[in-house]
Amino acid sequence: MNTPSSQREPIPRVGIETIEPYVPGKSAATGGAKTYKLSSNETPHGPSPKAIAAFQSGAGSLEMYPDGASTKLRQAIANRFGLDANRIVCGTGSDELLHLLATAYIGPGDEGIFTEHGFLVYKIAILAAGGNIVVTPETNYTTDVDAILNRVTARTRLVFIANPNNPTGTYIPFDEVKRLHAGLPPQCILVLDGAYAEYVRRNDYSAGMDLVSNNANVVMTRTFSKIHGLASLRIGWCYAPERVCDALNRIRGPFNVSGPGIDAGIAAMNDIAHVEMSAAHNEKWLEILTREISDFGLKVTPSAANFVLIHFPDSPGKTAAEADAFLSSHGVVLRSVASYGIPRGLRMTIGTEEANRLTVDLLRQFVSR
Ligand SMILES: *Cc1c(COP(=O)(O)O)cnc(C)c1O
């Protein structure tokens, strides 16, 4: 219990001030005639022109509250993927949904699991809910199902995995996801964060919708921030069991998606050609960048997403921090991943052909200077 007589100011709940705030990728370069921001996994193609038009047409009714249930957006998503719209909840980005899941299912003393180089929002959400974090080791920067299952206890309420993971880019096949789910107790929810699902071109991959359909304890989260190019609008969604949706709907903001966001999201969801164009560009450059950067001696973790994790040596003059500074002085901004426990790595988002070519040229210069 707080003791008001000894407090001179309001004090946050226990644990809140131990949370390290999320640090976004940098926006500004230190030099270069033009800035190429490859630090936040944003699409180089922008959103669908139809989504921009839909957003703009919403400008005429900004005084009106939006539909708090995001009904038409949920319907558009349901139609696109053959899902039940009643089992979809939209959020202010998928970040909000990750937080709501933690708020709804984690209490003091409960545990939430994520992996060694997992997305940092999981940690923040679990701690903010008053829970304990359990971090499991990865194998070759990849989710290790056995390591997770080994750490499950009677207090485990949530297991978060991003598949593919950010910032590593690695994924686990659907067989492994199913094996993970099969090993979890029924009171524990498996959260499959599919922020990069649209980019994956692998026969053994699934974002896990079937697993959600057939189980009471699996949730898939998705976002409009990455391939749909609507990061600034803050729209995400999840597909979840009915009882989970019911819980999230009780505690979410009553108008958590804006009207123009709903309209733009619907148009983006329906512009399949735009998504396919973006995915094709990504597939092409993922291969080229991985090969060319590896060719001059830097290690690149095989990625299934829209970014690559590049590893640098520890020797003076060649480190990740020095590469970051060098690239930035020429206008290219990558993402330091030291906060993800990878001090020798930099994450590069796949950009336009111009940005990709420039980055490869600069990295080649850096390595041989
Ligand atoms: C970018 C990203 C998200 C998306 O967050 P939004 O709040 O929807 O913008 C979610 N999970 C992971 C792993 C991400 O990298």
Side-chain angles (χ1 to χ4, degrees), residues 21-25 37-44 47 51 70 73 77 88-102 112-126 128 138 141-143 158-172 177 190-200 205 207-208 219-240 248 252-253 256-258 261-262 264-265 268-269 278 282 301 303-309 334-337 339-342 345 347-350:
Y22 184 87
V23 181
K37 181 172 186 267
L38 305 178
S39 59
S40 297
N41 297 344
E42 296 145 337
T43 175
S70 302
L73 178 56
I77 296 165
I88 294 170
V89 179
C90 294
T92 314
S94 49
D95 284 353
E96 185 198 21
L97 298 166
L98 299 170
H99 275 275
L100 292 174
L101 285 164
I113 297 181
F114 56 91
T115 66
E116 194 179 352
H117 307 300
F119 188 43
L120 282 173
V121 169
Y122 311 146
K123 179 180 181 179
I124 296 172
I126 296 163
E138 297 177 359
Y141 296 96
T142 307
T143 298
L158 291 173
V159 173
F160 288 103
I161 68 163
N163 202 30
N165 184 46
N166 171 21
T168 57
T170 57
Y171 79 105
I172 57 172
V177 174
L190 174 61
V191 182
L192 301 172
D193 179 342
Y196 302 97
E198 298 87 350
Y199 289 107
V200 185
Y205 175 79
V219 174
M220 174 189 72
T221 62
R222 301 286 287 263
T223 184
F224 284 89
S225 300
K226 304 287 157 59
I227 206 161
H228 294 292
L230 296 174
S232 181
L233 279 187
R234 315 301 308 124
I235 324 164
W237 59 279
C238 71
Y239 177 51
L248 301 183
R252 67 176 173 80
N256 62 340
V257 184
S258 70
I262 291 171
M269 189 48 64
S278 306
N282 196 73
T301 299
S303 171
N306 70 337
F307 54 87
V308 286
L309 177 61
L334 302 194
R335 176 72 142 96
S336 160
V337 283
S339 61
Y340 281 94
I342 312 175
R347 190 192 68 194
M348 172 191 178
T349 304
I350 292 171

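Note that these values count all heavy atoms, side chains included, but never hydrogens, waters or copies made by symmetry. Counting starts at 1 for both ligands and their atoms, following the listed order.
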Protein heavy-atom partner closest to [atom] - residue, atom, separation in Å:
atom                   : answer
atom 9 (O) of ligand 1 : Ser225 OG, 2.6 Å
atom 4 (C) of ligand 1 : Ser94 OG, 3.3 Å
atom 1 (C) of ligand 1 : Lys226 NZ, 1.2 Å

Any N or O of Thr223 closer than 3.5 Å to N or O of ligand 1: yes
Residue part near ligand 1, for Glu96, under 4.0 Å between non-hydrogen atoms: neither
Region of Tyr196 that comes within reach of ligand 1 [heavy atoms, distance under 4.0 Å]: side chain
Set of salt bridge (charged side-chain N to carboxylate O under 4.0 Å, His left out) partners for Arg347, sequence neighbours left out: none
Whether Tyr122 and Phe160 hold their rings parallel, tilted or perpendicular, with breakpoints at 30° and 60°: parallel
Parallel, tilted or perpendicular: ring planes of Phe224 versus His228, cut at 30 and 60 degrees: tilted
Least distance between heavy atoms, Ala102 atom then Ile126 atom: CB-N, 4.2 Å
Nearest heavy-atom neighbours spanning His117 and Glu138: N-OE2, 2.8 Å
Give the atom numbers and elements of ligand 1 that come within less than 4.0 Å of a heavy atom of [X].
X      : result
Ala195 : 2 (C), 3 (C), 10 (C), 11 (N), 12 (C), 14 (C)
Arg234 : 6 (P), 7 (O), 9 (O)
Asn166 : 13 (C), 14 (C), 15 (O)

Candidate with minimal heavy-atom separation from atom 13 (C) of ligand 1, of Asn163, Asp95, Asp193: Asp193
Step-by-step salt bridge (charged side-chain N to carboxylate O under 4.0 Å, His left out) determination, Arg222 to Glu198: CA-CA 10 Å; Arg222 301 286 287 263; Glu198 298 87 350; 3.3 Å; yes
From CG (Asn165) to CG (Asp193), nearest 0.5 Å: 8.5 Å
